[in-house]
Every structure is written in structure tokens, then in C-alpha cells.
**Student:** 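Here's a structure for you.
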Amino acid sequence: MTTPSTETRKGATWLFEDVDAASIFTPAKLTDEHRLIARTTEEFVNNEVMPNVDRLEAKDWALARQLLHRCAELGLLGIGVPEEYGGLDLDKATSLVVVERIARSASFATAFGGQANLCSLPLVLFGTPAQKARYLPPLVSAEMVGAYALSESSSGSDALAAKTRADRQPDGSWVLNGEKMWISNGGFADLLIVFAQADGDKFTSFIVERAWPGVSSGNEEHKMGLHGSSTTPIVFQDVRVPAENVLGEIGKGHKVALNTLNYGRFSLGAMCTGGCRAALGDAARYAAQRRQFGQPIASFGAIRHKLGEMTARTYAIESLVYRTAGLIDAAIEASPRDGAALAAAFEEYAVESSIAKVACGEVLDFVLDENVQIHGGNGFVKDYTAERYYRDARVNRIFEGTNEINRLLIPGMLVRRGLKGSLPLVAAAKRLQDEILAPAMPTTSSDEGLQVELRAVAAFKKVALAVLGTAMQTYGEKLSTEQEILSYAADILIDVYACESAVLRAQAAEQAGDTLAPLHAAAARIVVNDGAQRVEMAARSALAAMAEGDTLRTLLAALRRILKVSPVNTVTLRRQLADAVVAKGGYIL
Ligand SMILES: Cc1cc2nc3c(=O)[nH]c(=O)nc-3n(C[C@H](O)[C@H](O)[C@H](O)COP(=O)(O)OP(=O)(O)OC[C@H]3O[C@@H](n4cnc5c(N)ncnc54)[C@H](O)[C@@H]3O)c2cc1C
């Protein structure tokens, strides 16, 4: 199955170029096959997972294993695995629609992600043919449950500083000693991708079977949420690992870890998008049936505001994850079908994946918080799902690289690519500086539909380049230690990519004559309108930290000139979205 996306740009080049709406991948371009597998997944989750959430929360890991078996029967565990190893070798758009649906049960989604993304994927990317032949078929069929053991109690974000040791033996095998922490599926996993310092300081990845002597798991963590997902320490005590179970090269474990996370972050973003859609449906249905002051609360402006905003933000992140899936799929399609090419495709879109991880996780938290609020007192008690969704989602900002770490990575990767010359960052920043010092050009404020929003996005790109360019000039090589500036830059870049993805999708809907095009446009307009305010605030704060006096005044004047975005009536637009969501009883776009 191929994804009909024609956007084939290299990673992050959207920052420097105009993009054609017809080229980006959107939900409207899903094929019948994508829709069928999405429906199959949805039915499985609704009929077999959701009725059993309480049993999962009571730590019934036999049931978790059984549900993974059902996923295997439905083909869901082999989507990203080559056919010769029992998989279906389908595109990332398929993985996206599947994880979006599985997200309704966050606990089971974590078990699924631990299996399909965190354990199978590193084998697909870096395994030898013998390793793949031995381990991928039982993972695809769920005969084995997988886990990914990177974090330790003293090294989470700083994962490469792991203390677990692997000491080489005279016969070439390794002896593993150490303790991993917070491992998803830890209580019942059969196969572990483990990271350790080989021969003292060579960070390396190993494939470890739980049945081997010396492997054990500690007690389940008492967590804020995800009670239906197993999270335990894993202890390795003199575990003998055969030489052929080194995954990738000795000393190159960071490649295995980081490439797995590059894709994992995109996938987590997709799960969060699915979570938003599910919660929005619950919120809309509750608002329609809950009456106060003699009328449904859905008729109150304050509630319509919430539903409209939840819809617009969901639209933006959904647009960006679909677009990213299309980009990754196009890159994979154009490459040889091997693990190295796949890893290169994930690395190419690592900036977009980090954006997806941060933006989608934060929008999900916003949506779930508003979902609790719309449910009032019922949102705070366990009889309704709003309370569990809210607790379950909080970890998304912590695992797969915290949002702070991902915020540093987004501009950090761009700057590195710019300095290497693979992105025209330096030239674009210089060009922009000349433009900033030139006399102001009048900007049109006439409303020509989404052209206005597209011009606003073009302005956001200029602001991103101005902030990055100023930061590179001000701090040079020390920029990597200026975390506040990098985080502001990340916020602007997130808005560039999210807003552009939303506007292009809305334009594509308009061009295709979609009957819902006015609602697409409403969502895109809200996102851009509010994005302009966020971009301005982040840019002002960043520039004020880097310049002062006349230089700062010049920069702020330029910022005002670039960001001349006329506000739109978002009250009306949000009401349109809210009313449509309530009428449908769920997400509309
Ligand atoms: C439910 C759950 C499931 C998990 N599943 C897995 C799993 O399957 N496999 C696995 O290997 N791990 C797993 N983890 C671990 C998770 O990946 C780590 O918790 C995460 O990477 C953060 O590490 P930490 O907890 O040590 O926090 P720390 O690294 O101590 O971070 C604490 C705070 O400091 C910030 N911070 C840290 N370093 C920097 C820096 N350089 N600059 C700025 N800010 C910084 C962080 O952003 C954070 O806000 C899981 C965790 C949880 C809670």
C-alpha cells in the first residue's frame, strides 16, 4: 500500500519554502485499505479493550497478553515489519490510523507501543537477518511480548550515561549487570532491547530474553495514571548474553536508541491525536445531554468556546501528524527497502517528529483538562472516563524524551543542519536581516480566504528565522546552552509547522470541494489567529533576552512589521465548530 502524498521535501525545508496544499498528506487521502484497518482497530478497541479496562487496571497481565494476541490476529503488530519476517510491511499512514484508534485506551496503547514500536522497530532497523528471523516472527504473532529498557534511576533524559555494564567474556559473549527503571511491559515482557556500557564506556544495545538466568523484574510502580500498563524496574544479575545478540554495532547504541525514539515520537504524537478525538466526542455528547438553567450546557458560549478551541487545536495536530506520515512514507518509498534506509528516513524527519511529540502531547493535555471541566463534578470522579483520561495522559510529556529535551532538540537539529550546510539556515537568516533593515513594505489586510492565513504563516517563518539568526549571531557555539532562547525558538517552529499544516489541509479541502471545507477553514483561521499571538510573545521574549537599546527597538519594530496579522472573529468561528461537534456527537473533520 502506498500513501498518495506528493510532498517529498527534505526534513524541515518547509521553513524556507512555500508548500503546495495539494501535495501534503491529509486524512482525506486515506485509501480504502487505510480506512478498513482503521475500522477494524476501532471495533477491536471498542469491543474487546474498553470493556476490559478495569481488569487491565487491576494488573491482569494475562489479559494484556491475550489482547496483544488479538492484535496479532488482526495483523496490527506486523504493520511495520517486512513480510519475510511475518509482517505486512505497510506504510506509516497505516501505523498512524491504527495507533490513533488504539489510543482510546492509553494503558493498552502503551503495551502496544512497547511491542510494535519500541521492541520490534529497533530489530527492523538494526537487526541482522538472523536476529530478525529469530525474534520478529514471535513479536508479530505476540508469542513474545517486547519491551525497551533504556532508562535508569540516575539516567533518564541523560540516557547515554547508563550505568548498566556489559563485560565481554573470553568466548565473545557478554555478562550484563545493572538495573533499568520505569520499563513499560516490564512485568510480563519476554524480550528486551537493553542498553549498556560495553567494556566500560561503549554504549551498546543488546537483545535479551527474559527467560535467561539473572533477568528479573521489580515491583509495579504506583503511578498517577496508566494503571493498566505494566511499569517496573528490570534487574540484570550476571546475565550471559551471546555475542550474536548485540544489536547494531558495539559503541553505537545511541544510534539504536535515538532512531527508535525518532519514530516513537511521531507515533506518540499520532496516539495523542487519537486521544483528542476520543475525548472531544465524550465532551460533546456530555455537553449536549447535561442540562443546567433549563438548557443543555452545550448552548452556553463558555462551553461552545471550549468545544470550538478543542476542535481547532485537534485539527492542527492531526494535520501535522498526517503531513509528517506522508513525508516519511514518501522518503521510505524512494529508498531501498532496508533497515538503514528506514532509519535514515526517520532521522530526516526527526525535527517534525519532535514537533509532533511536543505539540500533540500538550494539545492532548489541554483537551483532556477542558473535558474534565465540561464534565464539572462528574469530571472529577471515577464513574466517568474524563478523570482517567486526564491522569493517563500526563506521562506523554515525560516519556520518549521529555518535552523540555524535545524543545531543545527542535532548533538544535535545525542549527546543526544549517551549520553543516544541509539546510540554508544561515543564508536565509542573513537575507532576512537585510530585509529587516530595509524600509517597511505595506502588507495587505484584505480578506481573500486562506491566502491571508498563508501569508501569516509565511510571516511566522520569517520570525522563526529572525530569532534563530539573531540567536546564532549572539551566542555562536554557546547557543546550545541558552535553553530559554532555544525553547522560545521551538515554540515558534512548532506554530509554523502546525499552522501551515492546518492551513494547507483546509485549502486542500476547499480545492476538493469538500462540503466541510468551511469548518476546515474555521479551524485553520482560529489556529493561525492564536498562533500569531503565541509567535509574537515568544519572539519578543527571545529578542529582549538577546538585544537591548536601539538594536532591540529595531528588532521589535521589524517583528511588528513582519507579524501584521489582523485579528479575526474567533468567537463566531469557535461557535461554528462547537455546534457542528455537538450536532455530530464527536469530532467532525
Ligand atoms: C509510565 C512510564 C513509562 C516509561 N516507559 C519507559 C520504557 O518503556 N523504557 C524506558 O527506557 N524508559 C521508560 N520510561 C522512562 C522515561 O523515558 C523517563 O522518565 C524520561 O526519559 C525522563 O527521565 P527522568 O525521569 O530521569 O527525568 P529527568 O531526566 O531527571 O528530568 C527531570 C526534569 O529535568 C528536565 N531535564 C533533564 N535534563 C535536562 C536538560 N539537559 N535540560 C533541560 N531540562 C532537563 C526534564 O525535562 C524534566 O523536566 C517511562 C517512564 C514512565 C513514567
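Keep in mind the model is a prediction, meaning the values are calculated, not measured. In listed order, ligands and their atoms are each counted from 1.
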**Student:** Strictly by modelled atom types, are Glu362 and Asn403 linked by a side-chain donor-acceptor pair under 3.5 Å?
**Tutor:**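 Short answer, yes.
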
**Student:** Any nitrogen or oxygen of Leu408, main chain or side chain, under 3.5 Å from a nitrogen or oxygen of ligand 1?
**Tutor:**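 No; every N/O pair is 3.5 Å or more apart.
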
**Student:** Cation-pi between Arg70 and Phe44: NZ/CZ under 6.0 Å from ring centre and within 45° of the ring axis?
**Tutor:**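 Ring-cation test returns no.
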
**Student:** Please tell me whether Tyr349 and Phe266 form a close aromatic pair, meaning their ring centres lie under 6.0 Å apart.
**Tutor:**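 Tyr349 vs Phe266: aromatic centres not under 6.0 Å.
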
**Student:** Under 3.5 Å between any N/O of Glu404 and any N/O of ligand 1: does that happen in this structure?
**Tutor:**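 Looking only at distances, the answer is yes, because the N/O contact criterion of under 3.5 Å is met.
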
**Student:** Can you tell me the protein heavy atom closest to atom 24 (P) of ligand 1 and the distance?
**Tutor:**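 The protein heavy atom lying closest is Gly156 CA, 3.8 Å.
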
**Student:** Identify the protein heavy atom lying closest to atom 52 (C) of ligand 1, giving its residue, its atom name and the separation to 0.1 Å.
**Tutor:**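 Going atom by atom, the protein heavy atom closest to atom 52 (C) of ligand 1 ends up being Val395 CG2, 3.9 Å.
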
**Student:** Between the candidates Tyr148, Trp182, Phe195, which shows the shortest non-hydrogen contact distance to atom 51 (C) of ligand 1?
**Tutor:**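 Nearest option to atom 51 (C) of ligand 1, by heavy atoms: Trp182.
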
**Student:** Is there a protein heavy atom less than 4.0 Å away from atom 4 (C) of ligand 1?
**Tutor:**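 Answer yes: something from the protein, a heavy atom, is under 4.0 Å.
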
**Student:** Is Lys92 close to Thr324 at the side-chain level, that is, under 4.5 Å between some pair of heavy atoms?
**Tutor:**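 Thr324 vs Lys92: side chains apart.
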
**Student:** Give me the residue, atom name and distance of the protein heavy atom closest to atom 41 (N) of ligand 1.
**Tutor:**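 Closest protein heavy atom to atom 41 (N) of ligand 1: Ile405 CD1, 3.9 Å.
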
**Student:** Between the side chains of Glu352 and Arg265, is the shortest nitrogen-to-carboxylate-oxygen separation below 4.0 Å, so that they form an ion pair?
**Tutor:**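 Salt bridge flag = no for Glu352 with Arg265.
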
**Student:** Does the protein come close to atom 46 (C) of ligand 1 - that is, does one of its heavy atoms sit below 4.0 Å from that atom?
**Tutor:**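 Flag for atom 46 (C) of ligand 1 set to true, protein heavy atom closer than 4.0 Å.
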
**Student:** Counting heavy atoms only, which part of Gln483 comes closer than 4.0 Å to ligand 1: side chain, backbone, both or neither?
**Tutor:**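 Side chain only.
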
**Student:** After noting the C-alpha distance and the side-chain angles of Glu220 and Ser230, does the key distance pass the side-chain hydrogen bond (donor to acceptor under 3.5 Å, both in side chains) rule?
**Tutor:** CA-CA 7 Å; Glu220 289 289 341; Ser230 169; 2.7 Å; yes

**Student:** Report yes if Glu152 has an N/O atom closer than 3.5 Å to an N/O atom of ligand 1; otherwise report no.
**Tutor:**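 Looking only at distances, the answer is no, because the N/O contact criterion of under 3.5 Å is not met.
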
**Student:** State, yes or no, whether a side-chain contact exists between Thr314 and Val367 at a heavy-atom distance under 4.5 Å.
**Tutor:**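 Yes - at least one pair of side-chain heavy atoms lies under 4.5 Å apart.
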
**Student:** Which residue and atom name correspond to the protein heavy atom nearest atom 2 (C) of ligand 1, and how close is it?
**Tutor:**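 Nearest neighbour among protein heavy atoms for atom 2 (C) of ligand 1, to 0.1 Å: Phe399 CD2, 3.8 Å.
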
**Student:** Between the candidates Thr402, Asp158, Asp392, which shows the shortest non-hydrogen contact distance to atom 22 (C) of ligand 1?
**Tutor:**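 The option holding the nearest heavy atom is Thr402.
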
**Student:** Between the side chains of Glu100 and Tyr322, is a donor N or O closer than 3.5 angstrom to an acceptor N or O?
**Tutor:**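 Short answer, yes.
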
**Student:** Flag the pair Arg65 and Asp190 as a salt bridge only when some basic side-chain nitrogen lies within less than 4.0 angstrom of an acidic carboxylate oxygen.
**Tutor:**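 Result for this pair is yes, salt bridge flagged.
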
**Student:** List the closest protein heavy-atom neighbour of atom 15 (C) of ligand 1: residue, atom name, distance to the nearest 0.1 Å.
**Tutor:**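 Its nearest protein heavy-atom neighbour is Ser151 OG, 3.2 Å.
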
**Student:** What is the closest protein heavy atom to atom 20 (C) of ligand 1, and at what distance does it sit?
**Tutor:**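 Nearest neighbour among protein heavy atoms for atom 20 (C) of ligand 1, to 0.1 Å: Ile398 O, 3.5 Å.
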
**Student:** For atom 8 (O) of ligand 1, what is the nearest protein heavy atom, given as residue, atom name and distance?
**Tutor:**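 Heavy-atom neighbour on the protein nearest atom 8 (O) of ligand 1: Ser184 N, 3.0 Å.
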
**Student:** Are Tyr85 and Tyr135 near enough that their ring centres are under 6.0 Å apart?
**Tutor:**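 Ring-ring flag for Tyr85/Tyr135: false, centres at least 6.0 Å apart.
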
**Student:** Which residue supplies the protein heavy atom nearest to atom 28 (P) of ligand 1, what is that atom called, and how far is it?
**Tutor:**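 That would be Ser157 OG, 3.7 Å.
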
